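Read through the structure below, which is laid out as structure tokens, and then see the notes.
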Amino acid sequence: MTARIIDGRAFAAGILAEVATETAALAAMGIVPGLAVVLVGEDAASQVYVRNKARRTKEAGMASFEYRLPEDTAETALLALVAELNDDPAVHGILVQLPLPGHIDTARVLDAVSPDKDVDGFHVINAGRLAAGLPGLVPCTPLGCLLMLKAELGDLSGARAVVLGRSNIVGKPMAALLLRESCTVTIAHSRTRNFPDECRRADILVAAVGQPELVRGDWIKPGATVLDVGINRVATEGNNTRLVGDVAFAEALTVAGRITPVPGGVGPMTIACLLRNTLTAARRSAR
Ligand code: NDP
């Protein structure tokens, strides 16, 4: 068997096109969705992410507001900016790029963002809403995974889903979303006994552990759908590096029914879902 490779770039392009169409319709009613991105410091990877987000935001027809603050910005100054953005009616989504410098309390800053503008879905109110099955803003990466799963498989009800990793940004919200779709959900993590056996039970396997190629081909149930969230940079010959996921892709390809590649799988969906969340927040602000 050779698995069908799920093309995350194509999925993301479809979502971005839908978002652009609906953004234009909302703008015609006088509401231009606006996303504010706040970057503190000079982290090279974060700068690339912020640049990409701003570009995509503008391409979707939304207003993009960028705030680049120096590394030594005081926490009080950052909190003051967040408060200002919370009160700004032109801003519907606020994203504080992580990681923040060490002298800033990340949890305090994330909790200062209005839950209605929390397009990352990291606020405890939104985490609580998701856990309680109430509408709210959902973290972008698991939301992207869910949209791909539903498009690929249709009704997920009754499927046995195993989520590898229990972080607040991927593992836990992913599990909550799959439960909401009536899957039978297991969350596995570093203390799980018989980790490979848990994987082997999965009709849907979502890997988000941040360990290069941890999941081997013989841990996968034949025909399973495998979503690989991991992004790991590994060394190759001659001082080069390449990106790999949490799943040994070549091995998995011969066993799984469907699989996302790295890169080009889950990654592109994250930014598409960020803009989808911004559109959702803008629509709700109009009510
Ligand atoms: P975290 O480091 O916050 O969480 C990793 C989780 O994996 C933890 O729950 C940890 O268990 C578990 N884990 C780690 N090692 C093992 C192991 N050997 N066996 C079993 N479980 C293990 O990571 P994130 O959730 O933030 O990210 C996970 C991966 O997804 C990373 O590679 C990250 O780069 C990527 N990512 C990709 C995104 C995208 O857009 N595609 C977005 C966000 C993340 P424990 O809790 O017990 O420590």
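One-based numbering, in listed order, for ligands and for the atoms of each. Treat the numbers as computed from the prediction; the structure is a model and nothing was measured.
- In this structure, CG on Leu147 lies 5.0 Å from SG on Cys273, to the nearest 0.5 angstrom.
- With respect to atom 19 (N) of ligand 1, the closest heavy atom belonging to the protein is Leu214 CD2, 3.9 Å.
- When heavy-atom distances to ligand 1 are checked against a 4.0 Å cut-off, His189 comes that close through both its backbone and its side chain.
- Contacts between Thr192 and ligand 1 below 4.0 angstrom, taking non-hydrogen atoms only, are absent altogether.
- Summary of contacts: the protein heavy atom closest to atom 29 (C) of ligand 1 is Gly210 N, 3.6 Å.
- Arg166 NE, 2.7 Å is the protein heavy atom nearest to atom 46 (O) of ligand 1.
- Residue Arg193 places its CZ atom among 12 or fewer non-hydrogen atoms of other residues, nucleotides or ligands, all under 6.0 Å distant.
- For the pair Asn86 (side chain) and Ser114 (backbone), a donor-acceptor distance under 3.5 Å is present.
- The backbone N or O of Pro115 lies less than 3.5 Å from a partner atom in the side chain of Asn126, making a donor-acceptor pair.
- Using modelled atom types, one side-chain atom of Arg258 and one backbone atom of Glu152 make a donor-acceptor pair closer than 3.5 Å.
- Considering backbone and side-chain atoms together, Asp246 places no N or O closer than 3.5 Å to any N or O of ligand 1.
- Of the protein's non-hydrogen atoms, the one nearest atom 14 (C) of ligand 1 is Val209 O, 3.6 Å.
- Of the protein's heavy atoms, Ile231 N, 4.3 Å lies nearest to atom 33 (C) of ligand 1.
- Set against the non-hydrogen atoms of Asn232, the atoms of ligand 1 under 4.0 Å away are 32 (O).
- Given atom 48 (O) of ligand 1, the protein heavy atom at minimum distance is Ser190 OG, 3.6 Å.
- Checking only distances, Gly165 never comes within under 3.5 Å of ligand 1, N or O to N or O.
- Taking every heavy atom of Ile169 and a limit of under 4.0 angstrom, the matching atoms of ligand 1 come to 26 (O).
- Around CD of Glu42, the count of heavy atoms belonging to other residues, nucleotides or ligands within 6.0 Å does not exceed 12.
- Side-chain N or O atoms of Asp203 include one that pairs as donor or acceptor with a backbone N or O of Arg160 at under 3.5 Å.
- A donor-acceptor pair is defined here as one N or O able to donate and one able to accept, closer than 3.5 Å; such a pair exists between the side chain of Thr260 and the backbone of Asp228.
- Residues Leu275 and Leu35 have side chains in contact (heavy-atom distance under 4.5 Å, counting atoms from C-beta outward).
- Listed by number with element, the atoms of ligand 1 under 4.0 angstrom from any heavy atom of Phe195 are 20 (C), 21 (N).
- When the heavy atoms of Ser167, Gly144, Pro268 are ranked by distance to atom 23 (O) of ligand 1, first place goes to Ser167.
- How far CG of Asp72 is from NE2 of His103: 7.0 Å, rounded to the nearest 0.5 Å.
- Counting only heavy atoms of the protein, atom 15 (N) of ligand 1 lies nearest to Gln211 NE2, 3.3 Å.
- For atom 2 (O) of ligand 1, the nearest protein heavy atom lies 4.0 Å away or farther.
- The option from Pro142, Gly265, Ala207, Ala208 that lies nearest to atom 28 (C) of ligand 1, judged by heavy atoms, is Ala208.
- Listed by number with element, the atoms of ligand 1 under 4.0 angstrom from any heavy atom of Thr270 are 39 (C), 40 (O).
- One option in Leu227, Thr260, Val229, Val244 has a heavy atom closer to atom 36 (N) of ligand 1 than any other, and that option is Val229.
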Please report the C-alpha distance between Trp219 and Leu205 in whole Å, then the side-chain angles of each, then the deciding distance to 0.1 Å, and finally whether the side chain to side chain contact (heavy atoms under 4.5 Å, CB included) criterion is met.
CA-CA 10 Å; Trp219 298 13; Leu205 184 65; over 6 Å; no
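- Atom 27 (O) of ligand 1 has its closest protein heavy atom at Val170 CG2, 4.4 Å.
- When atom types are taken as modelled, the side chain of Gln97 and the backbone of Leu39 share no donor-acceptor pair closer than 3.5 angstrom.
- Contact annotation: for Leu164 versus ligand 1, there are no heavy atoms closer than 4.0 Å.
- When atom types are taken as modelled, the side chain of Asn277 and the backbone of Val138 share a donor-acceptor pair closer than 3.5 angstrom.
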